[in-house]
Peer 1: 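Once you've had a glance at the structure underneath, I'll fire off some questions.
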Amino acid sequence: MSPKSLLLHAARYKARARRLSPRTERAYVGWIRRFVRFHGLRHPRELGEVEVAAFLNHLVVERRVAASTQSQALCALLFLYRDVLERPLGRLQELRWARARARLPVVLTREEVERVLGHLTGTPWLVAMVLYGGGLRLLECLQLRVKDVDLARGEVRVRDTKGGRPRVTVLPAVLREPLARHLLRVRARHRRDLLRGVGDVVLPGALAVKYPGAAREWAWQWVFPAARQRVDRETGARRRHHLHPSVIQRAVKAAVERSGIGKRATCHTLRHSFATHLLEQGYDIRTVQELLGHKDVRTTMIYTHVLNRGGRGVQSPADRLKQPASGTQG
């Protein structure tokens with residue numbers, strides 16, 4: 001195994017030891033690979049603060065990356081030197097920071113949400129309804145297990161969250177019957193998988209060791225499983241993973257285009273719309289914060305901007321004219 005391969009293998013091992021999410025692990029390994037390539041395939045042990053700063057400055061000056069992208073690259077390299085090489089970096093001299101730009105979230109009106117949802121069918125419609133009805137992130141929704149959905153109480157327990165803070169959010173009453181029918185179809189397919197000996201799923205943490213039979217239990221199955229089974233790269237076992245995010249993203253993008261709403265809406269826009277519409281209904285900001293899983297209420301406060309008509313609730317003086325003069329075209 002080459003030194004570069006050994007380095008990336010060690011990075012993956014340390015990431016899993018620290019229980020970083022698979023997405024964070026892939027992102028960190030990707031930045032480490034780019035860092036090594038940028039410096040001519042030299043081993044990071046031969047590099048230091050000067051080379052790290054040069055790479056980060058290259059991202060800002062030549063690549064023109066966003067502040068969040070530069071921050072992710074910095075976190076990956078700090079992880080590399082602190083956890084993998086066990087040689088923490090010192091102060092980075094002459095580091096140029098990307099300018100962070102505050103952006104207001106795109107929010108749909110209720111009518112626009114209805115138009116978008118009207119162009120979705122089947123599982124993409126169900127997922128989109130859970131996103132809008134409970135304020136979930138896309139990956140949080142796709143990683144739901146059967147035991148996380150309580151149809152009787154109208155609750156959804158979100159465990160695999162972005163900030164690692166489990167929460168309970170609402171399951172729309174309108175979804176109970178469609179979701180119950182969906183779960184019946186999923187359970188029938190799970191039984192067929194069991195008969196073929198391929199009905200187990202990946203369990204979080206060390207639960208597979210603690211409860212060897214849990215991976216085949218109905219309660220641990222995905223609410224939105226993929227149509228095809230795939231071979232696990234680590235174990236070689238053939239399993240059915242949850243639905244890939246790109247399947248829903250493509251469906252929602254197509255629905256937005258067909259609806260003609262004229263906004264650049266995505267799956268995450270449904271979460272933004274959920275929060276905004278709750279505030280419009282009069283729910284307090286703390287309740288919305290808990291449902292969204294925000295650690296800081298200031299993050300939730302960004303949704304209050306849509307409650308102010310005309311920027312800050314100001315009525316334009318043009319709206320007070322008794323008979324506005326019609327414009328002339330020249």
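This structure is a prediction, so every number in the text was calculated from the model and none was measured. Sequential numbering from 1 along the given sequence is applied to the chain's residues.
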Peer 1: Quick one: side chain to side chain contact (heavy atoms under 4.5 Å, CB included) partners of Leu207, sequence neighbours excluded?
Peer 2: Leu203, Pro204, Tyr211, Trp220
Peer 1: Do other residues, nucleotides or ligands put more than 12 heavy atoms under 6.0 Å from Glu94 CD?
Peer 2: no
Peer 1: Find out whether Leu95 and Val52 are in side-chain contact, i.e. whether some heavy atom of one side chain is under 4.5 Å from a heavy atom of the other.
Peer 2: no
Peer 1: Do Trp31 and Leu89 land in one hydrophobic cluster if side-chain heavy atoms of ILVMFWY residues count as linked below 4.5 Å?
Peer 2: yes
Peer 1: Asp148 pairs by salt bridge (Lys or Arg N to Asp or Glu O under 4.0 Å) with which of Arg153, Arg159, Arg157?
Peer 2: Arg159
Peer 1: For Tyr81 and Pro44, indicate whether the former's side chain and the latter's backbone hold a donor-acceptor pair under 3.5 Å.
Peer 2: yes
Peer 1: Can you confirm whether Arg196 sits close enough to Arg238 that some side-chain heavy atom of one is under 4.5 Å from a side-chain heavy atom of the other?
Peer 2: no
Peer 1: Do you know which two heavy atoms are closest between Val252 and Thr266, and how far apart they sit?
Peer 2: CG1-C, 4.0 Å
Peer 1: Indicate, with yes or no, if Val106 and Ile261 share a hydrophobic cluster defined by side-chain heavy-atom contacts under 4.5 Å among Ile, Leu, Val, Met, Phe, Trp and Tyr.
Peer 2: no
Peer 1: I need the Arg216 CZ to His190 NE2 distance, nearest 0.5 Å.
Peer 2: 7.5 Å
Peer 1: Is Arg240 reaching over with its side chain to a backbone N or O of Pro225, donor-acceptor style, under 3.5 angstrom?
Peer 2: no
Peer 1: Nearest 0.5 Å please: distance from the CG atom of Leu183 over to the CH2 atom of Trp218.
Peer 2: 5.5 Å
Peer 1: Only counting residues at least two apart or in another chain, list the ones meeting side chain to side chain contact (heavy atoms under 4.5 Å, CB included) with Gln249.
Peer 2: Leu138, Pro245, Ser246, Cys267
Peer 1: Could you check whether any side-chain N or O of Thr276 sits under 3.5 Å from a backbone N or O of His272, counting only pairs where one atom can act as donor and the other as acceptor?
Peer 2: yes
Peer 1: Same cluster or not: Phe224 versus Val201, using hydrophobic residues (I, L, V, M, F, W, Y) connected whenever any side-chain heavy atoms lie under 4.5 Å apart?
Peer 2: no
Peer 1: Output the distance between atom CG (Leu278) and atom OG1 (Thr300), rounded to the nearest 0.5 Å.
Peer 2: 11.5 Å
Peer 1: Can the ring centres of His39 and Phe35 be said to be less than 6.0 Å apart?
Peer 2: yes
Peer 1: Any side-chain heavy atom of Met301 sitting closer than 4.5 Å to one from Ile285?
Peer 2: yes
Peer 1: Count the heavy atoms of every other residue, nucleotide or ligand shown that sit under 6.0 Å from CD of Gln281, and state whether that count exceeds 12.
Peer 2: yes
Peer 1: Would you check if Val146 and Val186 make a side-chain contact, meaning some heavy-atom pair closer than 4.5 Å?
Peer 2: no
Peer 1: Are any side-chain N or O atoms of Ser259 and backbone N or O atoms of Val256, one a donor and one an acceptor, separated by less than 3.5 Å?
Peer 2: yes
Peer 1: Is the count of non-hydrogen atoms from other residues, nucleotides or ligands lying under 6.0 Å from Lys263 atom NZ greater than 12?
Peer 2: yes
Peer 1: Are side-chain heavy atoms of Trp222 and Leu243 found at a separation under 4.5 Å?
Peer 2: no
Peer 1: May I ask you to check whether Asp296 and Thr299 show a side-chain donor-acceptor distance below 3.5 Å?
Peer 2: no
Peer 1: Just so I know, are the side chains of Leu136 and Arg271 near enough to count as touching, which here means a heavy-atom distance under 4.5 Å?
Peer 2: no
Peer 1: Ignoring hydrogens, what is the shortest heavy-atom contact between Asp83 and Lys14? Give both atom names and the distance.
Peer 2: O-CE, 3.2 Å
Peer 1: Please lay out, stage by stage, how Trp125 and Met129 fare under the test side-chain contact (heavy atoms from CB on, under 4.5 Å).
Peer 2: CA-CA 6 Å; Trp125 178 84; Met129 282 292 290; 3.5 Å; yes
Peer 1: Specify the closest pair of heavy atoms between Ala10 and Val84, including all atoms of both residues, with the distance to one decimal.
Peer 2: CB-CG1, 3.9 Å
Peer 1: Is the closest side-chain heavy-atom distance between Leu171 and Asp150 below 4.5 Å?
Peer 2: no
Peer 1: So does Lys147 pair up with Glu217, basic N to acidic O under 4.0 Å?
Peer 2: no
Peer 1: Hey, does Gln289 have a side-chain heavy atom less than 4.5 Å from the side chain of Arg286?
Peer 2: yes
Peer 1: Under a 4.5 Å side-chain heavy-atom rule over Ile, Leu, Val, Met, Phe, Trp and Tyr, are Leu20 and Leu8 clustered together?
Peer 2: yes
Peer 1: How long is the span from the CZ atom in Arg167 to the CD atom in Glu155, to the nearest 0.5 Å?
Peer 2: 13.0 Å
Peer 1: Once you measure the plane-to-plane angle for His277 and Tyr132, does it fall in the parallel (<30°), tilted (30-60°) or perpendicular (>60°) bin?
Peer 2: perpendicular
